[in-house]
Protein chains: 2
Amino acid sequence: MTAVGQGKGGRAGARRATLATVADLAGYHVSTVSRVLNGTTVPGARSASSAAAERIRQVAREVGYVPNAQAAALRRQRTGMVGVIMARMTDTVAATIYEGVERAAAEHGYQTLVMNSWDDDETRARCVDLLMAHGVDALIHGDALADGSSLQVLERSGLPFVLVNRGAGAYPSVTADDRGGGRQAAEHLLALGHREVGVLAGLPYAGNAIERTRGFCETFAEAGHPVRPDRVVPTTFDSAGGRTGADRLLRAGDGPTALFAVSDAAAIGALGSLRDQGLHPGRDVSVVGFNDMPIAGDLTVPLTTVRSPMREIGERSVALLLAVMEGEPGEVVRFPTELVVRETTGPAPGLTRGR
Amino acid sequence: MTAVGQGKGGRAGARRATLATVADLAGYHVSTVSRVLNGTTVPGARSASSAAAERIRQVAREVGYVPNAQAAALRRQRTGMVGVIMARMTDTVAATIYEGVERAAAEHGYQTLVMNSWDDDETRARCVDLLMAHGVDALIHGDALADGSSLQVLERSGLPFVLVNRGAGAYPSVTADDRGGGRQAAEHLLALGHREVGVLAGLPYAGNAIERTRGFCETFAEAGHPVRPDRVVPTTFDSAGGRTGADRLLRAGDGPTALFAVSDAAAIGALGSLRDQGLHPGRDVSVVGFNDMPIAGDLTVPLTTVRSPMREIGERSVALLLAVMEGEPGEVVRFPTELVVRETTGPAPGLTRGR
DNA sequence: TTGTAGGCGTTATCAC
DNA sequence: GTGATAACGCCTACAA
């Protein structure tokens, strides 16, 4: 319980050193100092290495000069910040994509200003306003509504933006090939002989969830085994959602023999539900997840899932954003997915199962 | 591949509306507009509801006026932003704490500016500089080195700050009672008869990992069964680290009968290792994690773990930070933990096990 | 190479 | 209640 932290008394310590401070101490003029510190010497190559420049840099270091990005931004009309909106960081998928975004942005000299929308419409809108207020140069939106309704304001504002993870219409976006991934999951289960299946379908307004579900269901339909509508249940993407959804699907008398969850976390929740009901994954009921998050392969019964390159998706979204900022046309980018067969899927049990 | 996104041609659209724009259109002076929009009318109660004020607000809405936070910050000498440094967002613990921080900060009118340090010293330092450059009013540091070496610069700068998750010395911090949590894990395993145990000890320079390991080891020592030093292996906090560490501990001829992992993710990695070696968690080898992340209870063999209130820790860190910003003395806050017994722990197998 | 001047959009402090 | 004015810290023409 010891007190430390900063000087005991009043608020923050001494005022930050400014360019003027450095200029005074170094005996040069502010403009000169600014030029030296920014390396803004027109064409003259190594002229910046003159004694003067060295002295100025020395002083700056001594007084702990940190440029005031606010002021610079005001003057330059750009902040070097990219806004990022995500539903929530505890979603591993969002976090991984965000890591990709952060890295790629940093590589190009941009900072990221992240906000969580909690999948709430009002908050979503407030995020955009706040990010604009903070002067972000562009926006990466990981939380779009599938109908694009949240994007019209943005579009009107003229702020360059790109969607990630959840696409919407023809807006520029970077996602997994969600529909194709859904198909892969379906083909796998069909090949194993499953005919009665259920879908933990994610949030009904999220483009990725919709596409994954669509790809899955259309494949079953094409094979002549359409998925019963009451077996497609909306869920959240987290494990709690998957558990609740699976409870509902499995407790019905004529439960399905396999479940497709549009996220790994939901799939793990479904595993919890199976366990509670004394069912063994891969033998009694098969489960397929989506994304292949790192722990998927470490589970005691490793999870069969559809892998999507989350970090790459994040990185690519930055590349696309930079292109859009340059005035290039946006595009819709979809990364192919890959089915990873592990042990939560197995042959469909005999038709006699479960009454 | 359709192109959309923003106007086809040049960069961002029309320049943002400023106070001046609004003032012009409304026929008032900039200062007046500013006052109205900020609700800055001295004591006169509802005078702001005059027709003039209404008109101004109307115009502002029409032109889509968004205040320029950069400029306001420059003038007011405060940005309303709190910097947050975390190792990485894909660590569920960090993400959950961050969610708590974000929420609490928003409640008090602060935005958060997050940066990932990747547990890299150089990056850590750069984060601080960048956050200062962006003018954060204070800092929450989730990535401190246990010896506090990364904090001296910060302290000297006079920027108010608080540590979260990983404490360091007497610097103000909010963490779980890591040492106590380690003890709880140890007592549980001791009661089950385990004598030969191993520790997946986390990063050797992270305060939380150190304390958890310490609490665990000292309890075994006090019970007369000191943990063999070569059975305390440093790991990362993620599942890959846990897997590698467990591989090492279990492949040794005389493997331990139980493992304590300082994070749930590492514990899950250990479960993966067990599985590969045909060992059953809770029967052949017991495993205890730390944090009780949401999926812990949904695993096919649910994880015994030490619960810590991650979100609360994040929220509290904001409260503490606000206090420090007011000049109050910082304190070291530790939240009690709770042992959650599930199924990865069981009685120690007969002494004959494993040669 | 170095100095000068003006302004980015706000807000705070005057005077009216 | 409203209008004028001066910064906040930085950058960039332009002039010397």
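Protein chains get the first letters and strands the later ones, always in sequence-line order, with residue 1 at the start of each.
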Without decimals, in angstroms, what is the distance between A:Leu74 CG and D:dC8 P? 14 Å
Which of residues 58-66 of chain A sit near DNA chain D, with a heavy atom under 4.0 Å from it? A:Tyr65
Nearest listed nucleotide, side chain of A:Arg76, among D:dC11, C:dG3, C:dT11: D:dC11
Rounded distance (Å) that lies between atom P of D:dT12 and atom CD of A:Gln77: 11 Å
So, does the side chain of B:Arg16 form a donor-acceptor pair with the base of C:dG9 at under 3.5 Å? no
Counting distance alone, no hydrogens or angles: does the base of C:dT10 have a donor or acceptor under 3.5 Å from a partner atom on the side chain of B:Arg75? no
Assign A:Ser31 to base, sugar-phosphate, or nothing according to its heavy-atom contacts below 4.0 angstrom with the strands shown. base
Nearest whole Å is fine: how far is D:dA16 P from A:His29 NE2? 16 Å
Could you check how far CZ of B:Arg35 sits from C1' of D:dT2, rounded to whole Å? 6 Å
Determine whether a donor-acceptor pair (N or O, by modelled atom type, separation under 3.5 Å) exists between the side chain of B:Asp137 and the backbone of B:Gly80. yes
Pick one: which of B:Gln77, B:Arg75, B:Gln70 meets side chain to side chain contact (heavy atoms under 4.5 Å, CB included) with A:Gln70? B:Gln70
Quick check for you: to the nearest 0.5 Å, what is the distance between B:Trp118 atom CH2 and B:Asp143 atom CG? 11.5 Å
B:Leu37 has an atom CG; how far is it from atom P of C:dT10, in whole Å? 9 Å
Would you kindly give the CD-to-P distance between A:Gln70 and D:dC11, to the nearest whole Å? 13 Å
Distance in Å, B:Asp147 CG paired with B:Gln152 CD, rounded so as to fall on 0.5 Å steps: 8.0 Å
Using a strict cut-off of less than 4.0 Å between a Lys/Arg side-chain nitrogen and an Asp/Glu carboxylate oxygen, indicate whether A:Arg103 and A:Glu315 qualify as a salt bridge. no
Decide yes or no for A:Asn165 and A:Ile313: does some side-chain heavy atom of the first lie under 4.5 Å from some side-chain heavy atom of the second? no
Have a look at B:Leu19 and say if it touches a base, only the backbone sugar-phosphate, or nothing, with a 4.0 Å heavy-atom cut-off. base
How many Å lie between OH on B:Tyr28 and P on C:dT11, as a whole number? 19 Å
Nearest to the side chain of B:Asn68, which nucleotide is it out of C:dT2, D:dC8, C:dT10? C:dT10
Rounded to the Å, how far apart are B:His134 NE2 and D:dC10 C1'? 14 Å
Yes or no on side-chain hydrogen bond (donor to acceptor under 3.5 Å, both in side chains) for A:Glu54 and A:Gln58, after CA distance, side-chain angles and deciding distance? CA-CA 6 Å; A:Glu54 209 33 74; A:Gln58 167 69 15; over 6 Å; no
